[in-house]
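For reference, the structure discussed in these notes is given below.
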Number of protein chains: 2
Amino acid sequence: MKERYKLPCNIAQTLNIVGDRWTLLILHDILIGHQTFNELKKNLEGISANLLSDRLKHLEKAGLVETEVYTKHPPRYQYKLTESGRDLEPVFDALLLWGRDHLDHCYKKMVHSDCQHEVELSYYCPSCKKTVDKSEINTISTVTSDLYTR
Amino acid sequence: MKERYKLPCNIAQTLNIVGDRWTLLILHDILIGHQTFNELKKNLEGISANLLSDRLKHLEKAGLVETEVYTKHPPRYQYKLTESGRDLEPVFDALLLWGRDHLDHCYKKMVHSDCQHEVELSYYCPSCKKTVDKSEINTISTVTSDLYTR
DNA sequence: ATACTAAGTTTAAAAAATCAACTTAGTTGT
DNA sequence: ACAACTAAGTTGATTTTTTAAACTTAGTAT
């Protein structure tokens, strides 16, 4: 896959890696435990084999997925997320929670196991060791020379 | 746009609304203040006019974007996010932070304005009024009849 | 009256995704 | 030993999306 978006923007560049059709769903399905090719194909109803194959190769190259032999004879592989793949979890959760709040039909929700109340996403400052409100956060450019960096 | 993914999954259904190419970038660009058609077109380098037009129509139908007249004579409109559009902010932030941690070149970061340290995403239980670790969260199906709901 | 701008639309071409059939290597049942 | 089966893809044709470039329309500025 070539670089689709050329924007100097974390979001655009991240979407160059995980923004293609089916890609996030494949990663999420691996995360929740579907690990072989046919298991993924079966669970991602509607995906075609060649697309799944292409995506897995691309994601392996990009370092988000790795393959592991789980039986020799016959040689069989399973797909697993690398650490950077697993680090997409907040992305999945943010999408899941948006769906919980705004879809006509919600399939899943996330609750605090202690009290069974629904949780939200928030921001945390590891230095101050506390939750901070979005209004206390500055989103700043790391590129000093470029005023238009996003 | 027809429903692309048929999976009973919040993430898939959310991506049916915002997962098309350019869509999240358009929403993000509106969020950060680019509001007219040409402003969006200029800032989303590489997008074609017809695609931007199609996406804006679709997002308006889906209730994430609304238009507002800002001058009559000549009639000029600006695009704004609705509340459900603004609620995508955690999605943008999760993507931004993944990029901060994993892209070769990071353009942006988020810092706590008090201490200038980088913030992270975390989970918050509004009932217990505290941050909860992911390990204390259950992701549960809201569809009692379907064991395979995601 | 002519040029310019905003906000698109139209059409053709290129790229990506879907669909269905085929391949290959190993395994199991008879 | 041979046929049927399974996992994990690959190949090629068709359809859908996206891109690219030119065109439109209404109002403004010179």
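We name chains A, B, ... by the order of the sequence lines, and we start the count at 1 in each one.
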Who pairs with [X] by side-chain hydrogen bond (donor to acceptor under 3.5 Å, both in side chains), at least two apart in sequence or on another chain?
{"X": "B:D104", "answer": "none"}
{"X": "A:E136", "answer": "none"}
{"X": "A:N38", "answer": "none"}
{"X": "B:E39", "answer": "B:T36"}

message: Would you say A:K57 places a side-chain N or O within less than 4.0 Å of OP1 or OP2 belonging to D:dT10?
response: yes
- prompt: Is any side-chain N or O of A:W22 closer than 4.0 Å to OP1 or OP2 of C:dT18?
  reply: yes
Starting at atom [atom1] of [X], determine the distance to atom [atom2] of [N], rounded to an integer number of angstrom.
{"X": "A:H34", "N": "D:dA7", "atom1": "NE2", "atom2": "P", "value": "14 Å"}
{"X": "A:H58", "N": "C:dA16", "atom1": "NE2", "atom2": "P", "value": "12 Å"}
{"X": "A:Y70", "N": "D:dA8", "atom1": "OH", "atom2": "C1'", "value": "10 Å"}
{"X": "A:R4", "N": "C:dA17", "atom1": "CZ", "atom2": "P", "value": "7 Å"}
{"X": "B:D54", "N": "C:dA7", "atom1": "CG", "atom2": "P", "value": "17 Å"}
{"X": "A:K41", "N": "C:dC19", "atom1": "NZ", "atom2": "C1'", "value": "10 Å"}
{"X": "B:E39", "N": "C:dT5", "atom1": "CD", "atom2": "P", "value": "16 Å"}
{"X": "B:Q35", "N": "C:dG8", "atom1": "CD", "atom2": "P", "value": "14 Å"}

For residues 90-103 of chain B, please give each side-chain donor-acceptor pair under 3.5 Å, one per line with the distance, not counting sequence neighbours.
| unit_1 | atom_1 | unit_2 | atom_2 | d |
| --- | --- | --- | --- | --- |
| B:D93 | OD1 | A:K134 | NZ | 3.0 |
| B:D93 | OD2 | A:Y123 | OH | 2.4 |
| B:D93 | OD2 | A:K134 | NZ | 2.5 |
| B:W98 | NE1 | A:S84 | O | 2.8 |
| B:R100 | NE | B:E118 | OE1 | 3.2 |
| B:R100 | NH1 | B:E118 | OE1 | 3.0 |
| B:R100 | NH1 | B:V119 | O | 2.9 |
| B:H102 | NE2 | A:D87 | OD2 | 2.7 |

- line: Out of D:dA8, C:dT18, C:dG8, minimum distance to the side chain of A:N38 belongs to D:dA8
field: Selection from C:dA6, C:dA17, C:dT18 that lies nearest to any side-chain heavy atom of A:R55
entry: C:dA17
query: If each of A:S53 and A:R21 is mapped to the nucleotide of DNA chain D with the nearest heavy atom, which maps nearer the 5' terminus, i.e. the 5' end?
result: A:S53
message: Tell me whether the side-chain N or O atoms of A:N50 pair up with the base of D:dG12 as donor and acceptor below 3.5 Å, since no angle test is needed here.
response: yes
message: Under a 3.5 Å distance rule, please check whether B:R55 uses its side chain to pair with a backbone N or O of B:L27 as donor and acceptor.
response: no
field: Side-chain donor or acceptor of A:D133 paired with backbone N/O of A:S135 under 3.5 Å
entry: yes
field: Per-nucleotide protein contact string for nucleotides 21-29 of chain C (B base, S sugar-phosphate only, - none; heavy atom under 4.0 Å)
entry: -----SS--
